[in-house]
*Asks:* 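Shown below is the structure under consideration.
By convention in this document, chain letters (A, B, ...) are assigned in the order of the sequence lines, proteins followed by strands, and residues within each chain are numbered from 1. What you see below is based on every heavy atom in this structure, not just the backbone, and it leaves out hydrogens, waters and symmetry mates.
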2 protein chains.
Amino acid sequence: MNSVEILIVDDEVQIRKMLTITLQSNDYKVSEASNAKEAIIRAANHPPELILLDLGLPDENGHIVLQKLREWYTKPIIILSAHSSEEDIVKALDNGANDYLVKPFRTGELLARIRSVLRSSSQEDENPILIFGDLTIDLASRVVRKKEEIVKLTSTEYTLFCLLCKNEGKVLTHHYLLKQIWGPSYINESQYLRVFIAQLRKKLEDDPNHPTHIITESGVGYRFI
Amino acid sequence: MNSVEILIVDDEVQIRKMLTITLQSNDYKVSEASNAKEAIIRAANHPPELILLDLGLPDENGHIVLQKLREWYTKPIIILSAHSSEEDIVKALDNGANDYLVKPFRTGELLARIRSVLRSSSQEDENPILIFGDLTIDLASRVVRKKEEIVKLTSTEYTLFCLLCKNEGKVLTHHYLLKQIWGPSYINESQYLRVFIAQLRKKLEDDPNHPTHIITESGVGYRFI
DNA sequence: GGCTTGTATAAAGATTTTGTAAAGAAACTT
DNA sequence: AAGTTTCTTTACAAAATCTTTATACAAGCC
């Protein structure tokens with residue numbers, strides 16, 4: 001068993017099916033998403049080793065999805081697209097795509113290109129466990145520990161914490177966090193954030209009243225250090 | 001100047017010329033080889049950051065050249081080939097090529113693919129940091145430091161400081177600053193500015209009474225140096 | 001000097017933003 | 001269907017930030 005997980009993002013069920021079968025018969029683990037929102041949530045909750053991203057999604061422009069993913073997702077992304085214009089290709093590659101295949105593509109070539117990008121990304125042997133002082137976060141198994149003790153986080157708490165961790169040191173605006181976690185229509189619901197930040201602090205900080213990891217940037221957002 | 005060196009391996013002189021011009025005009029350094037033997041010697045003597053390899057060389061099969069190179073050469077190799085058969089593509093990718101472009105290819109796409117593979121091989125994600133003496137400002141992370149120490153700025157202070165930094169040396173008028181930060185209806189509230197300039201000086205200057213960075217231009221505005 | 005104009009700083013007051021608890025709603029479990 | 005967990009919403013307290021006021025200083029000019 002390969003145990004390498006690939007996330008397929010495509011709105012056409014036939015293509016997902018075809019890809020799933022192809023990949024599974026080559027010993028990859030597969031997860032699927034049929035739209036942009038689902039793709040981002042899946043990628044954040046359970047980051048795959050590679051993402052196959054169709055640019056023609058129903059709910060959002062594929063280039064935007066790519067940009068959003070690349071804000072934190074560092075593993076390979078291969079674009080599968082019906083568009084073969086140079087403009088699209090250059091834009092996607094410059095937005096951080098590792099490869100770009102035009103549909104319809106040849107299965108053997110796709111598999112070879114997958115092997116290629118996985119090879120060049122795995123040589124950096126990325127440790128899926130991030131360590132911040134006494135806090136560790138194992139992205140692969142979705143486990144957060146504080147001084148070896150496992151901390152139980154709800155799905156939303158974990159997504160929020162992941163985002164903060166992956167952007168260590170950077171300020172993430174309320175706007176951005178709300179959009180990433182709850183979706184674009186929630187960008188004014190800052191109260192949600194406060195509640196969940198408070199919950200994270202209660203679970204993760206030594207002294208929740210004087211947080212040392214999750215820092216408030218008043219008027220702007222939050223920062224993780 | 002980019003100073004990234006690329007080795008072009010192709011037996012056709014016109015293609016080498018064309019590639020050389022394209023790459024040089026995009027700030028890459030270029031070296032050339034016209035056959036397999038030369039290619040391997042050049043790569044060994046002076047390893048480039050990337051190799052563009054034509055598979056149709058006169059003295060040896062391109063796939064063999066690729067294999068030989070990959071025995072020790074770990075940086076990106078992009079194949080340029082007239083053959084578009086799946087067999088060739090898969091074989092090249094599995095032999096360690098990072099990408100495979102079929103001739104004739106589009107220049108913009110080639111450049112984008114070069115950027116892509118260079119990016120994923122060099123993976124230094126440096127965020128731009130502006131440095132002014134002992135003051136540094138990290139725009140991506142929204143962090144200002146004075147002698148390595150993080151200085152906590154409020155939202156408005158930071159916006160003001162950014163404006164000054166981004167216009168280093170220039171005088172920014174009261175009018176302009178007020179308009180940018182508080183909006184057009186505040187252009188007469190110069191007192192606001194004085195308060196915030198004073199606060200910035202208190203936090204950032206060695207001696208706030210004798211500022212060396214944030215300079216008053218009496219009657220006009222402020223200047224940052 | 002006395003006057004005016006522009007600037008600097010501290011501190012009080014007002015406002016905005018953030019933190020916390022807790023209740024109600026919704027979604028899952030068993 | 002009852003119980004549990006998680007999410008959403010409300011209300012209020014606490015903290016941080018912004019605005020305003022008061023006062024002082026410095027430079028230029030009559």
*Asks:* Quickly work out the A:Ile214 CD1 to C:dT20 P distance and round it to whole Å.
*Replies:* 11 Å
*Asks:* Please tell me which of the listed nucleotides, C:dG6, D:dT21, C:dT18, lies nearest to the side chain of A:Tyr222?
*Replies:* C:dT18
*Asks:* I'd like to know whether B:Arg115 forms a side chain to side chain contact (heavy atoms under 4.5 Å, CB included) with A:Leu93, so could you lay out the CA-CA distance, the side-chain angles of the two residues, the decisive distance to 0.1 Å, and finally the verdict.
*Replies:* CA-CA 8 Å; B:Arg115 287 193 291 276; A:Leu93 291 170; over 6 Å; no
*Asks:* Once you round it to whole Å, what is the distance between P of C:dT17 and CD of A:Gln191?
*Replies:* 13 Å
*Asks:* Indicate whether OP1 or OP2 belonging to C:dA8 is found under 4.0 Å from a side-chain N or O atom of B:Arg201.
*Replies:* yes
*Asks:* So B:Asp134 and B:Arg145, salt bridge (charged side-chain N to carboxylate O under 4.0 Å, His left out) or not? Walk me through it.
*Replies:* CA-CA 8 Å; B:Asp134 56 354; B:Arg145 286 167 211 267; over 6 Å; no
*Asks:* Report yes or no: is there a donor-acceptor pair, N or O only, under 3.5 Å between the side chain of A:Glu217 and the base of C:dT18?
*Replies:* no
*Asks:* Going by the salt bridge (Lys or Arg N to Asp or Glu O under 4.0 Å) test, name the single residue among A:Lys37, A:Lys68, A:Lys179 that passes it with A:Glu60.
*Replies:* A:Lys68
*Asks:* Send over the distance from B:Ile215 CD1 to C:dA8 C1', rounded to a whole Å.
*Replies:* 15 Å
*Asks:* Quick one: does A:Glu189 reach the base of D:dT9 with a side-chain donor-acceptor pair under 3.5 Å?
*Replies:* no
*Asks:* Whole angstroms only, please: what is the OH-P distance between B:Tyr158 and D:dC18?
*Replies:* 15 Å
*Asks:* Using whole Å, report how far CG of A:Leu200 lies from C1' of C:dT18.
*Replies:* 16 Å
*Asks:* Would you say B:Thr216 places a side-chain N or O within less than 4.0 Å of OP1 or OP2 belonging to C:dG6?
*Replies:* no
*Asks:* List every contact pair, protein side and nucleotides 6-8 of chain D side both N or O, where the distance is under 3.5 Å.
*Replies:*
| unit_1 | atom_1 | unit_2 | atom_2 | d |
| --- | --- | --- | --- | --- |
| D:dT6 | OP1 | A:Lys152 | NZ | 3.2 |
| D:dC7 | OP1 | A:Thr156 | N | 3.3 |
| D:dC7 | OP1 | A:Thr156 | OG1 | 2.3 |
| D:dC7 | OP2 | A:Thr154 | OG1 | 2.8 |
| D:dT8 | OP2 | A:Trp182 | NE1 | 3.0 |
| D:dT8 | O3' | A:Tyr192 | OH | 3.4 |

*Asks:* Return yes if a side-chain donor-acceptor contact under 3.5 Å exists between B:Arg70 and B:Gln67, otherwise no.
*Replies:* no
*Asks:* In whole Å, what is the span from the CZ atom of B:Arg223 to the P atom of C:dT7?
*Replies:* 14 Å
*Asks:* With a 4.5 Å cut-off on side-chain heavy atoms, are A:Leu53 and A:Leu7 touching?
*Replies:* no
*Asks:* Is there a side-chain polar atom (N or O) of A:Asn209 under 4.0 Å from OP1 or OP2 of D:dA15?
*Replies:* no
*Asks:* Testing B:Ile77, B:Leu80, B:Leu101, B:Ile79 for side chain to side chain contact (heavy atoms under 4.5 Å, CB included) with B:Leu52, which one passes?
*Replies:* B:Leu80
*Asks:* Could you state the CG-P distance from B:Asn188 to C:dT7, rounded to the nearest angstrom?
*Replies:* 13 Å
*Asks:* Closer than 4.0 Å, any side-chain N/O of B:Arg194 to the OP1 or OP2 of C:dT7?
*Replies:* yes
*Asks:* Could you tell me the separation between the NE2 atom of B:His210 and the P atom of D:dC25, rounded to a whole number of Å?
*Replies:* 14 Å
*Asks:* Answer whether the closest heavy-atom distance between the side chains of B:Leu23 and B:Ile114 falls below 4.5 Å.
*Replies:* yes
*Asks:* Do the side-chain N or O atoms of B:His174 get closer than 4.0 angstrom to the phosphate oxygens (OP1, OP2) of C:dT7?
*Replies:* yes
